[in-house]
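Here's the structure we're looking at; comments come further down.
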Amino acid sequence: MYKETVLPRVLEQVVNCKDDLAQYYLMDCIIQVFPDEYHLQTLETLLGACPQLQPTVDVKTVLSRLMDRLSNYAASSADVLPEFLQVEAFSKLSNAIGKVIEAQLDMPAVGAITLYVSLLTFTLRVHPDRLDHVDQVLGACVKKLSNIPKLEDSRAMKQVVALLSAPLEKYNDIVTALTLSNYPRVMDHLDIGTNKLMAMVIIQSIMKNNSCISTADKVEVLFELIKGLIKDIDGADVDELDEEDFKEEQNSVARLIHMLYNDEPEEMLKIICIVRKHTMVGGPKRLPFTVSSLVFSALRLLRQLQGQEGDIVGEEASMTPNKNFQLLTQIIESLSAVPSPELALRLYLQCAEAANGCDIEHVAYEFFTQAFVLYEEEIADSKAQVTAIHLIIGTLQRMNVFGVENRDTLTHKATGYSARLLKKADQCRAVYACSHLFWVDDQDGIKDGERVLLCLKRALRIANAAQQMANVARGSGGPVSLFVEILNKYIYFFEKGNKQITSSAIQGLIELINTEMQSDSTNPDSVADAFLASTLRYIQFQKQKGGVMGEKFESIKL
């Protein structure tokens, strides 16, 4: 009765009344009052009336409300979905929207895009598996946008963002969105600011859903989508950018790089090359953020190659560790344009450790050479030098790939630089850290007790010099804590069985510290006092422990 009598008669009255306000109100009444299943079965009749309404009627809102109502009906139960397929709801709505947009030539962009957003929401709820429908809606939107010279209406821009966000929210998987050919084309119509915003939404979706993008083609499409974040787009005002926002954007890109992964080394290498191609054009401000992630991705590939047994043959021959290290060197060298020597030095040392793991001595030596060159030529700030030399010493201590000659050369360099730091206290700490280069606690590790003792004696001399300088400059002794730190090193090597470190040397050092503290009673140093007290308690504890260790410590008188 509704289909054959009620609806046609009502629509006839609506169309004939010619009053735009009344038409809009009555159409809205029909949509809101009659049940969903009625609308579904009479979709053609209802949609057929829309182009016959007055040109001034807000048809887009009428259609949007109809689609929203049907979308909610589809979402309410899976049992009703066959009805939608039976009446071909999507194609009817799609055609109706096309006709309305064609008929109303002066319809603003925001109106047309709002219709497409409603249609997309509808198809995502009714036919989530039909990606071709989603792409068709995006394609129609591209067609409409391409007729507009420049999209400047902020409301229209918001609707485009809603259109692009809908598939991400529905599928919770960017990989699905990457298969939509019209998705990047819609993004191209956004202004620079909104494009960046949308790129951030895409990255956040990947992070939230822990999506792994595992093919080079999809990585290429993804980087095309987020190009607003990875390079300066023509016409963008670089100076306008807020520093905090910029850091957040670049850190997001850096995190994204870790989500691009494939277990197949060949595909992984392609992914790394694509990421490198896109990030290297980012300019000196962006490189410090992205290069680190790229280096660690390449190091992960290296560990993959290591884990594969047998010889690498055929196509995979292009992925030998040596080739990988060449790629790493090129990536790190790009930081010279920034310049960012501290970061480059850390990355070179990281690569040296990887070369150590692969047992390739000449490559590890080359990375250390690069690190030392950076230290000599680029790092001028005294604090940065202290950090850098401790990083170099720490990394070198863990290396077991070097032969005697290479190790001696690098160790000699490290000890030389340690003794040439600006502040005496920094010199002292770096020199006693070098003692660990001559005593590595592995079964095949180097154990050169004499050179350990030489380092510790040299550190003591520097600590004495620091004390005397403080006396001359301030009329009071410098910090005694340096002596207590050296005492701790003596105890460490004494425990490890270094024959050159004797109990009498430790005894003498304790007496020296006590003398220094008494002579400088005018300026008590509570930190050094507590440090010494803890150290002496430890010696006492070892004495009481008994056994071999107890006997060793027995001769130290406190």
Side-chain angles (χ1 to χ4, degrees), residues 43 47 50-51 59-60 63-64 66-68 70-71 74 84-85 87-153 155-191 194-195 197-199 201-202 205 215 217-218 220-228:
L43 205 49
L47 294 172
C50 289
V59 182
K60 70 171 185 348
L63 282 172
S64 291
L66 175 62
M67 284 187 282
D68 292 344
L70 291 174
S71 296
F84 282 88
L85 297 171
V87 299
E88 296 178 347
F90 173 77
S91 57
K92 286 175 183 171
L93 286 166
S94 183
N95 291 336
I97 287 171
K99 281 177 186 166
V100 167
I101 291 171
E102 276 172 35
Q104 298 195 6
L105 295 171
D106 56 346
M107 183 190 281
V110 64
I113 298 163
T114 307
L115 280 173
Y116 288 127
V117 171
S118 297
L119 182 60
L120 187 65
T121 311
F122 172 81
T123 191
L124 286 171
R125 283 191 177 169
V126 179
H127 312 287
D129 52 329
R130 292 291 300 269
L131 285 175
D132 55 328
H133 283 178
V134 178
D135 213 21
Q136 188 182 327
V137 177
L138 293 173
C141 189
V142 170
K143 194 174 167 190
K144 176 68 184 170
L145 289 169
S146 56
N147 296 329
I148 304 163
K150 195 174 180 198
L151 195 60
E152 286 176 341
D153 180 357
R155 290 177 310 152
M157 205 70 82
K158 277 183 184 164
Q159 289 300 324
V160 175
V161 170
L163 188 78
L164 291 166
S165 304
L168 297 182
E169 288 163 13
K170 174 67 187 176
Y171 296 116
N172 281 338
D173 178 14
I174 185 69
V175 180
T176 309
L178 293 178
T179 58
L180 302 168
S181 60
N182 286 308
Y183 200 92
R185 292 168 64 198
V186 176
M187 269 192 83
D188 287 342
H189 288 281
L190 295 171
D191 65 22
T194 320
N195 194 303
L197 199 74
M198 197 60 229
V201 168
I202 289 169
S205 163
T215 66
D217 303 344
K218 285 185 178 150
E220 184 70 67
V221 176
L222 175 64
F223 272 79
E224 199 53 44
L225 290 181
I226 63 161
K227 63 183 173 206

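Heavy atoms only: backbone and side chains are in, while hydrogens, waters and symmetry mates are out.
Across all non-hydrogen atoms, the minimal contact from Gly139 to Asn182 is CA-ND2, 3.4 Å. Heavy-atom minimum distance, Pro167 versus Leu120: CD-CD2, 4.1 Å. Residues Cys50 and Val59 share a closest heavy-atom pair of CB-CG1, 4.0 Å. Across all non-hydrogen atoms, the minimal contact from Thr194 to Val161 is CG2-CG2, 3.3 Å. Considering all non-hydrogen atoms of both residues, Lys60 and Gly111 come closest at CD-CA, 3.0 Å. The minimum heavy-atom distance between Val201 and Ser165, with the atom names listed, is CG1-OG, 4.4 Å.
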Between Asp188 and Lys227, does the salt bridge (charged side-chain N to carboxylate O under 4.0 Å, His left out) criterion hold? Intermediate values first, please. CA-CA 10 Å; Asp188 287 342; Lys227 63 183 173 206; 3.5 Å; yes

Under the criterion side chain to side chain contact (heavy atoms under 4.5 Å, CB included), I'd like the reasoning laid out for Met187 against Val160: C-alpha separation, chi angles, the key distance, then a yes or no. CA-CA 8 Å; Met187 269 192 83; Val160 175; over 6 Å; no

List the steps and the verdict of side chain to side chain contact (heavy atoms under 4.5 Å, CB included) for Lys170 and Thr123. CA-CA 11 Å; Lys170 174 67 187 176; Thr123 191; over 6 Å; no

Let's go through Gln136 and Phe90 carefully: what are the C-alpha distance in whole Å and the side-chain angles of both, what is the deciding distance for side chain to side chain contact (heavy atoms under 4.5 Å, CB included) to 0.1 Å, and is it a yes or a no? CA-CA 11 Å; Gln136 188 182 327; Phe90 173 77; 3.7 Å; yes

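Within the 4.5 Å cutoff, the side chain of Leu43 has no heavy atoms near those of the Phe84 side chain. Between Leu178 and Leu225 there is a side-chain heavy-atom pair separated by less than 4.5 Å. Side-chain contact between Met157 and Asp191 is present, with heavy atoms from C-beta onward closer than 4.5 Å. You'll find the side chain of Ile202 reaches within 4.5 Å of the side chain of Leu222, heavy atoms only. Under the 4.5 Å side-chain criterion, counting only non-hydrogen atoms from C-beta, Ile113 is in contact with Leu145. The shortest distance between side-chain heavy atoms of Leu119 and Leu63 does not fall below 4.5 Å.
We find that Arg185 and Asp135 are not joined by a salt bridge, their nearest charged nitrogen and carboxylate oxygen being 4.0 Å or further apart.
Taking a 6.0 Å sphere around NZ of Lys92, one finds it holds more than 12 heavy atoms contributed by other residues, nucleotides or ligands. Atom NZ of Lys144 has more than 12 neighbouring heavy atoms from other residues, nucleotides or ligands inside a 6.0 Å radius.
In this structure, the side chain of Tyr116 does not engage the main chain of Leu138 through any donor-acceptor pair within 3.5 Å. With hydrogens and angles ignored, the 3.5 Å screen pairs a side-chain donor or acceptor of Ser71 with a backbone N or O of Met67.
Relative orientation of the His127 and Phe122 rings is perpendicular, given thresholds of 30° and 60° on the angle between their planes.
To the nearest 0.5 Å, atoms CG (Leu163) and NE2 (His189) are separated by 11.5 Å. Interatomic distance, Thr121 OG1 to Leu70 CG, rounded to the nearest 0.5 Å: 12.5 Å. With rounding to the nearest 0.5 angstrom, the OG atom of Ser94 is 11.0 Å from the CG atom of Leu115. The CG atom of Leu190 lies 9.0 Å from the CG atom of Leu197; values are rounded to the nearest 0.5 Å.
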